[in-house]
J.: 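Quick one: the structure is below, and I'll ask about it shortly.
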Amino acid sequence: MQRIRLRYTKRGRLRFTSHRDFQRAFERALRRAEVPMAYSAGFTPHPKVSYANAAPTGTGSEAEYLEIQLTEHRDPDTLRTLLDASLPDGLDVTDAVEARTSGLADRLQASVWELRLDGVEPQEAGRAVEAFLAADEVLVERRTKNGIRTFDARAAVMRLEATGHAGDRPDGKACAILRLVVRHLTPAVRPDDVLSGLRATADLAPPVPAAVTRLAQGLLDEETGAVTDPLEPDRDAATAAPPTAAGLSAAKVTSGASPAAGDGTA
């Protein structure tokens, strides 16, 4: 049994796909790419795919993660290429590693988000950010299936800053860009919760919905606020691991020596 961890994106119009839509598209891609998937037992077997902390519908992402289990060994980079070609443009598989450590989901401690606020001046956004960060607590409400829930959005925000950006509309009007690092707490604090908090603390109300993109997620450095690649421990483990018998055989074949050949002595 081999486990492969993948990083994929949701770009352009495909940011509006739901997690269920992506699941269906990904399972079709597995079949097209003829991936030797392991399946669950029972009356309705399904491929063993573990999804980790999917982004909300309507948000773009450069850093979504999942893990698949295979019944046969495959080269991760070759598998990445096949799956990427089998998915629609916008759902792009950008990285693949063999799982050599445990706890991928536990390493997704925080996310880096970018929020584009068209129609908002950078100075206005900057003042709202200052008010938000100065608050000890920012209570926001979210409607759930069990009714309205109130929670603190400020506690999850590790970093928040505002910058300007030239607009891409015909009038060239500038817009504000928010960059934030959010811890993954319970309940989860989403970018729209932070926007609700900015509205509550500084009356910041963008005239059009914000364009939201997750830039990264992974391990959080509490001192610097940096979010690091969650697949890096698997790469480090692969580098540190001794070569396997299969790997040695492949190396001999590459160098021109047959793995079945002896040293020429009887």
Side-chain angles (χ1 to χ4, degrees), residues 3-33 35 37-40 42 44-70 79-80 82-97 99 103-116 140 142-147 149 151 153 156 180-196 209-219 227 229-231:
R3 294 180 296 132
I4 301 291
R5 289 169 176 167
L6 304 170
R7 174 175 174 166
Y8 67 94
T9 70
K10 287 174 59 181
R11 295 169 174 160
R13 296 180 62 184
L14 290 184
R15 69 185 185 275
F16 295 109
T17 57
S18 68
H19 182 56
R20 183 171 295 181
D21 291 334
F22 174 77
Q23 287 178 306
R24 288 194 289 262
F26 185 68
E27 290 185 12
R28 287 195 296 269
L30 290 171
R31 292 192 293 270
R32 291 193 192 101
V35 179
M37 291 295 300
Y39 279 78
S40 63
T44 56
H46 58 272
K48 290 189 174 182
V49 183
S50 299
Y51 300 92
N53 195 39
T57 303
T59 63
S61 180
E62 295 295 315
E64 301 296 289
Y65 294 92
L66 59 81
E67 180 179 298
I68 60 177
Q69 292 189 35
L70 311 183
L79 185 65
R80 184 206 68 78
L82 290 171
L83 286 171
D84 186 50
S86 300
L87 285 166
D89 291 340
L91 299 178
D92 305 314
V93 183
T94 58
D95 203 355
V97 299
L104 173 62
D106 293 336
R107 295 203 289 269
L108 302 181
Q109 299 174 348
S111 289
V112 181
W113 294 96
E114 182 179 272
L115 285 65
R116 176 184 171 125
V140 299
R142 183 196 301 158
R143 183 178 298 277
T144 69
K145 61 181 179 181
N146 296 320
R149 184 170 188 176
F151 56 94
L180 60 151
V181 177
V182 180
R183 296 182 183 89
H184 296 168
L185 302 180
T186 303
V189 173
R190 304 170 180 172
D192 57 331
D193 298 322
V194 176
L195 288 173
S196 296
V212 181
T213 303
R214 173 149 58 191
L215 302 180
Q217 63 172 323
L219 290 162
V227 176
D229 183 2
L231 301 183

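Keep in mind it's a predicted model, so treat the numbers as computed, not measured.
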J.: Below 4.5 Å, heavy atoms only, C-beta onward: do R3 and K48 meet side chain to side chain?
T.: no

J.: Could you tell me if the side chain of L185 sits less than 4.5 Å from the side chain of F151, heavy atoms only?
T.: no

J.: Is the backbone of L215 close enough, under 3.5 Å, to the side chain of E114 for a donor and an acceptor to pair up by distance?
T.: no

J.: Would you call L70 and I4 a side-chain contact if the rule is heavy atoms closer than 4.5 Å?
T.: yes

J.: When you compare the side chain of L115 with that of V194, does any pair of heavy atoms fall below 4.5 Å?
T.: no

J.: Could you check V112 against L180 for side chain to side chain contact (heavy atoms under 4.5 Å, CB included), going step by step and ending with a plain yes or no?
T.: CA-CA 6 Å; V112 181; L180 60 151; over 6 Å; no

J.: Would you indicate whether the side-chain heavy atoms of R15 and S61 approach each other to under 4.5 Å?
T.: no

J.: Could you tell me the separation between the CG atom of L87 and the CZ atom of R28, rounded to the nearest 0.5 Å?
T.: 9.5 Å

J.: May I ask you to test the L104-L231 pair for a side-chain heavy-atom distance under 4.5 Å?
T.: yes

J.: State, to 0.1 Å, how close A52 and Q217 come at their nearest heavy-atom pair, and which atoms those are.
T.: O-NE2, 4.3 Å

J.: Return the minimal non-hydrogen interatomic distance between V93 and D84, and the atom names on each side.
T.: N-OD1, 3.1 Å

J.: Could you walk me through whether D89 and L14 satisfy the side chain to side chain contact (heavy atoms under 4.5 Å, CB included) test, starting with their C-alpha distance in whole Å, then the side-chain angles of each, then the deciding distance to 0.1 Å, before giving a yes or no?
T.: CA-CA 8 Å; D89 291 340; L14 290 184; over 6 Å; no

J.: Can the ring centres of Y8 and Y65 be said to be less than 6.0 Å apart?
T.: no

J.: What are the two closest non-hydrogen atoms of T17 and K10, and how far apart are they?
T.: O-NZ, 3.2 Å

J.: What pair of heavy atoms forms the shortest contact from E64 to N53, and how long is it?
T.: OE1-O, 4.0 Å

J.: For the residue pair S18 and T57, what are the closest heavy atoms and their distance?
T.: CA-OG1, 3.4 Å

J.: Judged by atom type as modelled, is there a donor-acceptor pair below 3.5 Å linking the side chain of T9 to the main-chain atoms of G90?
T.: yes

J.: Using the rule side chain to side chain donor-acceptor pair (under 3.5 Å), only one of R80, R11, R7 pairs with D92; which is it?
T.: R11

J.: Please assess I68 against M37 for the test side chain to side chain contact (heavy atoms under 4.5 Å, CB included), listing each intermediate value before the final yes or no.
T.: CA-CA 8 Å; I68 60 177; M37 291 295 300; 3.9 Å; yes

J.: Given the side-chain rings of Y39 and H46, with only the six-membered ring counted for Trp, is the space between their centroids under 6.0 Å?
T.: no

J.: Between F16 and T59, does a side chain to side chain contact (heavy atoms under 4.5 Å, CB included) hold up when you go through it step by step?
T.: CA-CA 7 Å; F16 295 109; T59 63; over 6 Å; no

J.: Does S86 use its side chain to pair, donor to acceptor, with the backbone of L82 at less than 3.5 Å?
T.: yes

J.: Would you call V227 and L219 a side-chain contact if the rule is heavy atoms closer than 4.5 Å?
T.: no

J.: For the CG atom of L6 and the CZ atom of F26, what is their distance to the nearest 0.5 Å?
T.: 5.5 Å

J.: Looking at every non-hydrogen atom in both residues, tell me the closest pair between A54 and H19 and how far apart they are.
T.: CB-ND1, 3.5 Å

J.: Is there any side chain to side chain donor-acceptor pair (under 3.5 Å) pair reaching into residues 103-113, and which pairs are they, with sequence neighbours excluded?
T.: T101-R107, R107-D234, S111-H184, S111-R214

J.: Is there a donor in the side chain of S196 and an acceptor in the side chain of D193, or the other way round, less than 3.5 Å apart?
T.: no

